[in-house]
Number of protein chains: 2
Amino acid sequence: MEAMDLRVEKMLDGIGLKILAVLQENARMSLASIGQAVGLSSPAVAERVKKLEEAGIIKGYHARIDPEAMGRSVSAFIQLTTDARHYPAVKSLAADLPEITACHHVSGEASFIMQVRVAQVADLEPLVARFSPLGQTRTAIVLSTPVDKGARVPL
Amino acid sequence: MEAMDLRVEKMLDGIGLKILAVLQENARMSLASIGQAVGLSSPAVAERVKKLEEAGIIKGYHARIDPEAMGRSVSAFIQLTTDARHYPAVKSLAADLPEITACHHVSGEASFIMQVRVAQVADLEPLVARFSPLGQTRTAIVLSTPVDKGARVPL
DNA sequence: TCTGAAAGTTTATGAAT
DNA sequence: ATTCATAAACTTTCAGA
């Protein structure tokens with residue numbers, strides 16, 4: 001992957017980083033406005049953005065939707081401590097449940113940390129019940145979220 | 001908020017939900033293409049999108065950037081168990097550190113669950129050291145992420 | 001609230017610097 | 001690699017249903 005790293009470095013000069021920063025904050029900005037912001041013509045921006053997409057540096061563009069508006073007011077973490085023979089079952093269960101927004105296999109005491117979104121606290125119970133047979137669960141309900149950068153990466 | 005809920009329900013009919021689904025998957029899609037997808041003219045789509053934005057249902061549009069490309073290969077969770085007199089210090093520290101991508105105040109054994117992004121495992125040590133004086137920390141390094149819906153909400 | 005048409009922008013393409 | 005010019009596509013506005 002050496003050759004690719006060379007190409008990547010080329011894209012991630014000051015201007016490339018600024019383009020990423022702009023698109024990370026407002027993905028619907030026109031190429032012309034981005035050009036103004038970074039001091040480039042719009043065709044130049046178009047080409048750089050296309051290369052950033054092709055290199056897999058930009059992985060997509062997503063509208064961020066208020067979970068409350070979708071009736072998903074409660075956020076929680078479910079941690080599961082289990083052993084290796086249950087890993088496949090945990091992964092496929094996590095993948096099948098729409099309430100699970102993320103499932104991480106982690107080092108440390110717990111084997112998995114999962115993030116969930118449900119309408120009410122009561123909805124956690126059946127969810128936890130699905131994982132209980134696979135190991136020991138520990139649930140933490142989110143009371144507030146003082147910091148949330150979304151999926152945004154520090155540039 | 002009754003009046004607003006009425007307005008919200010109006011926006012979240014089948015077409016409204018479909019517009020959200022489309023923009024959640026590809027935030028840079030043109031209003032014209034969205035119109036084709038949902039069976040509406042582009043002015044109609046433009047107006048509905050504007051209303052969804054104004055109602056706060058659409059909170060923003062963001063490019064998703066590969067953290068690896070930014071030299072942030074390691075993801076981890078730091079859990080902090082502490083007492084109420086340290087809460088303000090934890091929150092302001094979490095807000096000031098760029099490596100912290102999310103900080104949740106939670107119920108349960110731990111007081112806070114924080115998600116962090118660093119270049120190497122070694123970079124976790126100084127980070128944890130900043131929180132250690134405030135309580136007991138527990139760090140879980142992410143080995144793999146079988147499920148990740150990003151910030152996407154199930155519609 | 002939607003459609004359809006017109007006016008104004010923006011983007012994509014290709015040639016030239 | 002950037003700029004410029006042109007054609008195509010898109011967005012916005014507005015009148016009317």
Side-chain angles (χ1 to χ4, degrees), chain A residues 1-66 68-71 155, chain B residues 1-66 69-70 155:
Chain A
M1 291 285 238
E2 306 290 324
M4 188 195 151
D5 281 344
L6 287 175
R7 272 188 276 135
V8 166
E9 280 184 32
K10 194 138 204 189
M11 286 181 242
L12 297 181
D13 57 356
I15 290 180
L17 288 176
K18 199 156 183 192
I19 291 175
L20 290 180
V22 168
L23 283 173
Q24 197 167 224
E25 284 321 308
N26 180 6
R28 275 185 80 76
M29 194 168 277
S30 75
L31 300 178
S33 325
I34 299 170
Q36 281 206 311
V38 307
L40 238 53
S41 65
S42 48
V45 175
E47 195 175 336
R48 294 188 78 135
V49 169
K50 201 177 78 175
K51 283 183 184 166
L52 288 167
E53 290 169 354
E54 286 170 354
I57 296 175
I58 297 177
K59 299 196 92 68
Y61 304 96
H62 306 284
R64 180 163 45 100
I65 292 166
D66 182 11
E68 312 272 338
M70 295 298 121
L155 304 178
Chain B
M1 293 282 248
E2 306 292 322
M4 188 195 153
D5 281 345
L6 287 175
R7 271 188 278 135
V8 166
E9 280 184 32
K10 196 136 202 190
M11 285 182 243
L12 297 181
D13 58 357
I15 291 179
L17 288 176
K18 198 156 182 191
I19 291 175
L20 291 179
V22 168
L23 283 173
Q24 196 167 223
E25 284 322 306
N26 180 5
R28 277 185 80 75
M29 194 167 277
S30 73
L31 300 177
S33 326
I34 299 169
Q36 282 207 311
V38 307
L40 237 54
S41 66
S42 45
V45 175
E47 195 176 340
R48 293 187 78 134
V49 169
K50 201 178 81 178
K51 282 182 183 168
L52 288 166
E53 290 168 354
E54 286 170 352
I57 295 176
I58 296 177
K59 300 196 92 68
Y61 305 96
H62 306 284
R64 181 164 44 101
I65 292 167
D66 182 12
M70 295 298 121
L155 304 178

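Here the structure is a predicted model, which means the values were calculated and not measured.
Residue contacts shown for B/S41 include a base, since a base heavy atom lies under 4.0 Å away. Residue contacts shown for A/R48 are limited to sugar-phosphate atoms, with no base heavy atom under 4.0 Å away. Among the atoms of the strands shown, none is found under 4.0 Å from any heavy atom of A/K50.
You'll find that the side chain of A/A44 is closest to D/dT2, out of C/dA12, D/dT2, D/dT12. Taking the side chain of B/P43 as heavy atoms from C-beta on, and the options D/dT12, C/dT11, D/dA1, the nearest nucleotide is D/dT12. Relative to the side chain of A/S30, the nucleotides C/dA12, D/dC10, C/dT11 differ in distance, and C/dT11 lies closest.
Taking both residues in full, the closest heavy atoms of B/K10 and B/R48 are given as O-NH2, 4.0 Å, listed atom of the first, atom of the second, then distance. Between A/A63 and B/I58, the closest heavy-atom pair is CB-CG2, 4.5 Å. A pairwise comparison of heavy atoms in A/M29 and B/R28 identifies O-NH1, 2.9 Å as the closest pair.
Between the CD1 atom of B/I34 and the C1' atom of C/dC2 there is a distance of 17 Å, rounded to whole Å. Straight-line distance from the CG atom of A/L31 to the C1' atom of C/dT10: 8 Å, rounded to whole Å. One can place CD of B/E47 at 12 Å from C1' of D/dC14, the figure rounded to the nearest angstrom. What separates CG of B/L52 from P of C/dT1 is a distance of 12 Å, to the nearest Å. Spacing between atom CG of A/L40 and atom P of C/dT11 amounts to 14 Å, rounded to whole angstrom units. For the pair B/M29 CE and D/dC10 P, the interatomic distance rounds to 11 Å; values are reported in whole Å.
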Contacts under 3.5 angstrom, residues 36-46 of chain B side chains, donor-acceptor by atom type, not counting sequence neighbours:
none

